[in-house]
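Report on the following structure.
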Number of protein chains: 2
Amino acid sequence: MFKKQQLTKTECSQSMQAIKDALQVLSGKWKLPIILALSDGPLRFKELQRAVNNITPKILSKELKELELNEFVERTVHATSPVTVEYNLTPYSGTLEKLIAELQSWGLQHRQYIFSKSKMRKAVEA
Amino acid sequence: MFKKQQLTKTECSQSMQAIKDALQVLSGKWKLPIILALSDGPLRFKELQRAVNNITPKILSKELKELELNEFVERTVHATSPVTVEYNLTPYSGTLEKLIAELQSWGLQHRQYIFSKSKMRKAVEA
DNA sequence: CCGTATCCGCGGTGATACTG
DNA sequence: CAGTATCACCGCGGATACGG
């Protein structure tokens, strides 16, 4: 269905691994909202907290670390007193654009598809 | 960064919803492996269990129900004795192809990107 | 202000046993 | 064979409080 040519076990598991990598990067409640919040410009920790539905600092911290590891977000410390920390998107985060667009358009059409199906069913029942 | 034009709150949350829909459909340990297993042809319940790393029947059942709801998988009962049940992919599941391809290629390039970064860091440390 | 530490409840997953 | 029921566990995520 998806691949007409036969794949070796190794090729297949590599492909699965790549897909899992990609999903892991975006899945979870918070990563996309954080990225979106930062897409309008850099924010400080507390500002991010407020921007993203009052996420708990523990979780925000964890999410930001993951986003840093994946090089989507850059953390810069300003030696003011008290210290302030700014988070901003890296240029590399732009590589997500196509993927996100694809997710968005598929999700949209899928919602409409499922919706129209359930309407049909209701019409038949009536 | 991602959208140059300003979006209204409603448009934005609709877009987020679509993305979440798409992610939910594919996220989790099992959905992709199941779809992949079925992509070579229909399988029965027990065969699927074996094909997908000995997934527990409870979980497999739950996952299959979700995949049915989303119309990726079709369930057909054969009135043999004892009954046998076949699961197979629907044509609609083909709409995932582009999305999966995108996930796969992005995941691959990302892994290479992160890997090359960590090599660079090691080289600098040495 | 920027986080970390501690505690805790809940959901999801797995093991096992069981019914039709 | 196909699927469900029961139980137990673990880890995520939230609330709250605290340290640098």
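Predicted model only: the values in this text are computed from it and were never measured. In the text below, chain A, chain B and the rest are named by the order of the sequence lines, each starting its count at 1.
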Euclidean distance, atom [atom1] of residue [X] to atom [atom2] of [N] [Å, nearest integer]:
| X | N | atom1 | atom2 | result |
| --- | --- | --- | --- | --- |
| B/Q24 | C/dG11 | CD | C1' | 14 Å |
| A/Y87 | C/dG3 | OH | C1' | 8 Å |
| A/I59 | C/dT4 | CD1 | C1' | 12 Å |
| A/L43 | C/dC2 | CG | C1' | 15 Å |

Quick one: which of C/dC2, C/dT16, C/dT13 gets closest to the side chain of A/R75?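 Closest nucleotide among those given: C/dC2.
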
Indicate whether any N or O donor in one side chain lies under 3.5 Å from an N or O acceptor in the other, for A/Q17 and A/D21.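 Indeed, the side chains of A/Q17 and A/D21 share at least one donor-acceptor pair under 3.5 Å.
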
Nearest heavy atom decides the nucleotide; on that basis, is A/K29 or B/F45 closer to the 5' end of DNA chain D?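 By nearest-heavy-atom nucleotide position, the 5'-most residue is B/F45.
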
Please work out which of the three classes, parallel, tilted or perpendicular, describes the rings of A/F45 and A/Y87, given edges at 30° and 60°.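 Tilted.
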
Could you label the plane-to-plane angle of the B/F72 and A/W106 rings as parallel, tilted or perpendicular, counting under 30° as parallel and over 60° as perpendicular?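 Aromatic pair B/F72/A/W106 classed tilted.
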
Search all heavy atoms of A/Q109 against all heavy atoms of B/Y92 and return the closest pair with its distance.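 Reported closest heavy-atom pair: NE2-OH, 2.9 Å.
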
Do you know which two heavy atoms are closest between B/L43 and B/A51, and how far apart they sit?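 Scanning both residues, the minimum pair turns out to be CD1-CB, 4.2 Å.
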
Whether the side chain of B/Q49 engages the backbone of B/K46 through a donor-acceptor N/O pair (distance < 3.5 Å, no angle test) should be reported.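 A pair under 3.5 Å: no.
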
Between A/H110 and A/F115, is the ring pair (Phe, Tyr, Trp, His ring centres under 6.0 Å) condition met? List the steps. CA-CA 8 Å; A/H110 182 60; A/F115 178 68; over 10 Å; no

Going hydrophobic residue to hydrophobic residue with side-chain gaps under 4.5 angstrom, can you get from B/I114 over to A/L64?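 They do share one cluster, since a chain of ILVMFWY contacts under 4.5 Å joins B/I114 to A/L64.
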
Output yes when at least one side-chain N/O atom of [X] is less than 4.0 Å from OP1 or OP2 of [N], else no.
| X | N | value |
| --- | --- | --- |
| A/K62 | C/dT4 | no |
| A/S61 | C/dT4 | yes |
| A/R44 | C/dC2 | yes |
| B/W30 | C/dG14 | yes |

Boundaries of the DNA chain D segment in contact with chain A, non-hydrogen, under 4.0 Å: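 On DNA chain D, the outermost contacted nucleotides are D/dG13 to D/dA15.
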
Specify the angle, to 10°, made by the local axes at the two ends of the helix from C/dC1-D/dG20 to C/dG20-D/dC1 when five pairs are taken at each end.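 Result, rounded to 10 degrees: 30°.
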
Euclidean distance, A/L32 CG relative to B/L23 CG, rounded to 0.5 Å: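 Those atoms lie 6.5 Å apart.
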
With sugar-phosphate meaning primed atoms plus P, OP1 and OP2, does A/K58 contact a base, only sugar-phosphate, or nothing at under 4.0 Å between heavy atoms?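 Counting heavy atoms under 4.0 Å across all strands, the contact made by A/K58 includes a base.
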
